[in-house]
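This one's a predicted model, so the numbers in the text were calculated from it and none came from an experiment. Here is the naming used below: chain letters follow the sequence lines, and residue numbers restart at 1 for every chain.
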2 protein chains.
Amino acid sequence: MIKCVKCGEVDGIMKAGYVRGKQRYLCKLCNYYFTCSEKDDSAQSLLRKKRHQTTIIDIAKSLGVSNSTVSRALHGHADISPDTRQAVLDKATQLDYQPNQLAYNLVKSKTNTIGMIVPEFHNPFFPNVIIGAHDILTKAGYNLTIMQSNESYQVEISNTKAMLANRIDGLLISLTQETNNFDHLSVFEKRGIPLILFNRVCEEIDVPKVVVNDFEASFLAVEHLILNGYERIAHLGGPLTLQVSQERLRGYKAAMEKHGKSIDDHMIIQGMLTQQKARIYGQYLLDLADRPDAVFAVNDSSAIEIMLIAKEKGISIPDELGVVGFSDNPESAYIGPGLTTVRQPTLEIGRTTAEWILQLVDSEDLNLHERKILNTELIVRGSSRRSCVL
Amino acid sequence: MIKCVKCGEVDGIMKAGYVRGKQRYLCKLCNYYFTCSEKDDSAQSLLRKKRHQTTIIDIAKSLGVSNSTVSRALHGHADISPDTRQAVLDKATQLDYQPNQLAYNLVKSKTNTIGMIVPEFHNPFFPNVIIGAHDILTKAGYNLTIMQSNESYQVEISNTKAMLANRIDGLLISLTQETNNFDHLSVFEKRGIPLILFNRVCEEIDVPKVVVNDFEASFLAVEHLILNGYERIAHLGGPLTLQVSQERLRGYKAAMEKHGKSIDDHMIIQGMLTQQKARIYGQYLLDLADRPDAVFAVNDSSAIEIMLIAKEKGISIPDELGVVGFSDNPESAYIGPGLTTVRQPTLEIGRTTAEWILQLVDSEDLNLHERKILNTELIVRGSSRRSCVL
DNA sequence: TTGTATGCGTTATCAG
DNA sequence: CTGATAACGCATACAA
């Protein structure tokens, strides 16, 4: 089809990239490069004509000053004559100038953006943390970019890469249940990008951490059950890869031991509690010959699943079965007879992480904080309050 | 001090900026630029060395090739010798190269980021929409930046400005209840940045919109109450500045009229339904002499507040009072005797808006869509199911 | 007080 | 297949 414009041959022609949207060819015979300028010029050029945005240079030109003058005027720098500044400002609004944050960021190598990676979005926990962090960051003039790892280590890695590529100024992260290698996080340390772990933390990496008193909370929750006369308390725990799960298990065991209750292994089930799993585990527990008379679940959705199963089986709550959850989801207040649960200070978690990251971003003092342990609150409702006992 | 490296003169030398951390000079006499590589390299370079990130140039240098070659190799462009490419790739991982998205974006004037502005974060509605949109966008290689207007017109304006400044490729927005001027949105049209409204939409601006069948849903909800034998049905509506509120009110009225029920103005209350307001309005309604025997509320939290008030007053649900809400919050399934409500396809709303914005971003065809009306589902629970009637 | 010249890290263009 | 070099839009050190 294509003939060499030099030697006229058609055999040795091969494609050689693009030039200005046009196909470029190389004639192997005479070793000559050329482009084929036929057709489709209209559509192409129309596409390329991307609306020009007003830049600092446009203002400078139309005012007959230099772009640095415009830049200074725009930023309220000192040493600018009031007249010039006013002129610039007027022109800017007149031309509807919008600063290009991208270019600014490139120059300053700073984005005024904090990143946040959360493992899931299904429980209200993380959205609430976001509300808290968002509040603080917005007031400080920072943006918040949120990503979701979806409980996948691989996705978490790609998220952190994206965060890195986008040059966020700091990262707030809650790990997935799969994460047991932390190289993707140490990169941030090497780069000098502040990093804070919250909720799903690990010990392998030395950065500030914000958590709640999981151990104590669980201890008190289980003790509460014991004080209400429950004897055989089962524990429906999260995956032991998570520190929160370990802590809550530890709290459970400590309370049981303190009160001289035996800890039966078959009364403890750990795992990722999807609704399906919660149902399976719950069925198993409630079908046991030595059925537990109480269950301490690691989250509210599982606790509620337990309650539903109990209702189906005609097991009365709280008389025949006590239930305690964790997190105080909205529905827990309403399900009959009310689910006793541990309320987490979600907003405060968000606010604290945000405040800390701001300090780190501004001060470069990376050793500022160690670990903040926020307090939870046991919300006692009907599911654990036995009328008959003390 | 400084001699021109070319003509040897010292008089015409003047500073001329920096090159890679070294002072650059210009000899006015022979018009020759050169850099002086002497002294103070330590302090200066240390300061500038602000944790230098590996760049494309570092790779090029250490490999003795040009940066364009590196760029091409990195992007898998054609016309690269396999050896070169492999060398570049190896070097890149060896030096732990992370592309600078900022610079990329600046050149391409494209950020691969979609912005989303939502009015609130307290109900699960918007978080769920986010889940849906996030899913689609992530798979398409886009980031999602979320901002929250907090029901404030002013904040919404500043949010849109920030989005503009950050050069997002497209915007998904749900308006605040205060928004009645739309200049901040038409800016996006002028700039050629795709924009999609969802849930909280308006007619003043001609862009694609994604909503649910509010009118029909409300109509069916109220008709459902009527068919269950309720006579005096009150409506607790949202602020009439919102189109959703208007539509739901319209649906309510249409159903009432169709079934020959009188529409009493004092049975209709519109406003921003904070929990406090919901309680005040609810008290008012249930204290009326001609107390309504059913309430159709514009959201679940208000409906639940009504149910709580009724319980306090000893009004039995559903026999003495029927209640229907909107949105199917998690707690609605659990509050006794279950709240009848309209389930919204939140994930699908998110997915649809995301898919549309991707099409707009890619195709430049801004007239692609008009308005998508997604279907809701009436979830009938105990709060409206009178045993005595048909 | 203002202008000049440079760099930030990439991609695209053009030339071999 | 590869290398120079010009954008991209802005901030800033220095010179004037």
Side-chain angles (χ1 to χ4, degrees), chain A residues 14-22 24 26 28 31-35 48 50 52-60 63-75 77-85 87-88 97-111 165 167, chain B residues 13-26 28 33 35 44 47-48 50 52-60 63-75 77-85 87-88 97-111 165 167:
Chain A
M14 48 183 290
K15 292 190 176 183
Y18 285 90
V19 174
R20 289 216 144 268
K22 284 178 289 186
R24 190 189 190 215
L26 166 63
K28 279 285 190 185
N31 201 37
Y32 184 73
Y33 285 94
F34 61 96
T35 58
R48 322 206 139 256
K50 293 217 162 188
H52 173 72
Q53 297 273 31
T54 305
T55 75
I56 221 170
I57 299 180
D58 297 325
I59 300 180
L63 240 46
V65 299
S66 80
N67 44 357
S68 38
T69 302
V70 175
S71 173
R72 281 186 285 246
L74 254 26
H75 286 286
H77 271 215
D79 298 341
I80 279 276
S81 85
D83 294 350
T84 320
R85 142 176 295 142
V88 169
Y97 168 75
Q98 289 286 343
N100 187 326
Q101 197 73 28
L102 260 46
Y104 177 91
N105 294 341
L106 182 59
V107 171
K108 307 283 268 185
S109 69
K110 184 170 187 307
T111 55
R167 296 316 201 250
Chain B
I13 303 298
M14 47 184 289
K15 292 189 174 183
Y18 285 91
V19 174
R20 292 223 144 263
K22 283 179 288 187
Q23 182 64 56
R24 188 185 189 221
Y25 296 96
L26 165 62
K28 279 285 191 183
Y33 285 96
T35 60
Q44 271 287 12
L47 255 177
R48 325 205 135 254
K50 270 225 160 188
H52 174 71
Q53 298 272 31
T54 305
T55 75
I56 224 169
I57 299 179
D58 298 325
I59 301 179
L63 239 47
V65 298
S66 79
N67 46 354
S68 16
T69 301
V70 175
S71 174
R72 280 186 286 247
L74 254 25
H75 286 284
H77 270 218
D79 298 342
I80 279 278
S81 84
D83 294 351
T84 321
R85 141 176 298 142
V88 169
Y97 168 75
Q98 288 288 341
N100 187 327
Q101 197 72 29
L102 260 46
Y104 176 89
N105 294 342
L106 182 59
V107 172
K108 307 282 267 185
S109 71
K110 184 170 184 310
T111 55
R167 296 314 199 252

Chemist: So how far is it from Q101(B) CD to L102(A) CG, rounded to the nearest 0.5 Å?
Modeler: 9.5 Å

Chemist: Per the side chain to side chain contact (heavy atoms under 4.5 Å, CB included) rule, which among I56(B), I59(B), V88(B) passes with S71(B)?
Modeler: I56(B)

Chemist: Can you tell me how far apart OG1 (T69(B)) and CG (L74(B)) are? Round to the nearest 0.5 Å.
Modeler: 11.5 Å

Chemist: Is there a side-chain contact between L106(B) and N105(A) (heavy atoms, below 4.5 Å)?
Modeler: no

Chemist: Between K110(A) (NZ) and dG9(C) (P), how many Å, whole number?
Modeler: 17 Å

Chemist: How close do T55(B) and D58(B) get, counting heavy atoms only, and between which atoms?
Modeler: N-OD2, 2.7 Å

Chemist: Got a list of protein N/O to nucleotides 10-12 of chain D N/O distances below 3.5 Å?
Modeler:
from, atom 1, to, atom 2, distance (Å)
dC10(D), OP1, Y97(A), OH, 2.6
dC10(D), OP1, N100(A), N, 3.2
dC10(D), OP2, I56(A), N, 2.6
dA11(D), OP1, H75(A), NE2, 2.2
dA11(D), OP2, S71(A), OG, 2.9
dA11(D), OP2, H75(A), NE2, 3.3
dT12(D), OP1, K108(A), NZ, 2.6

Chemist: Could you tell me whether the phosphate oxygens of dT2(C), OP1 or OP2, come under 4.0 Å of any side-chain nitrogen or oxygen in T84(A)?
Modeler: yes

Chemist: Starting the side chain at C-beta, find the nucleotide from dG9(D), dT2(C), dG3(D) nearest to L106(A).
Modeler: dG9(D)

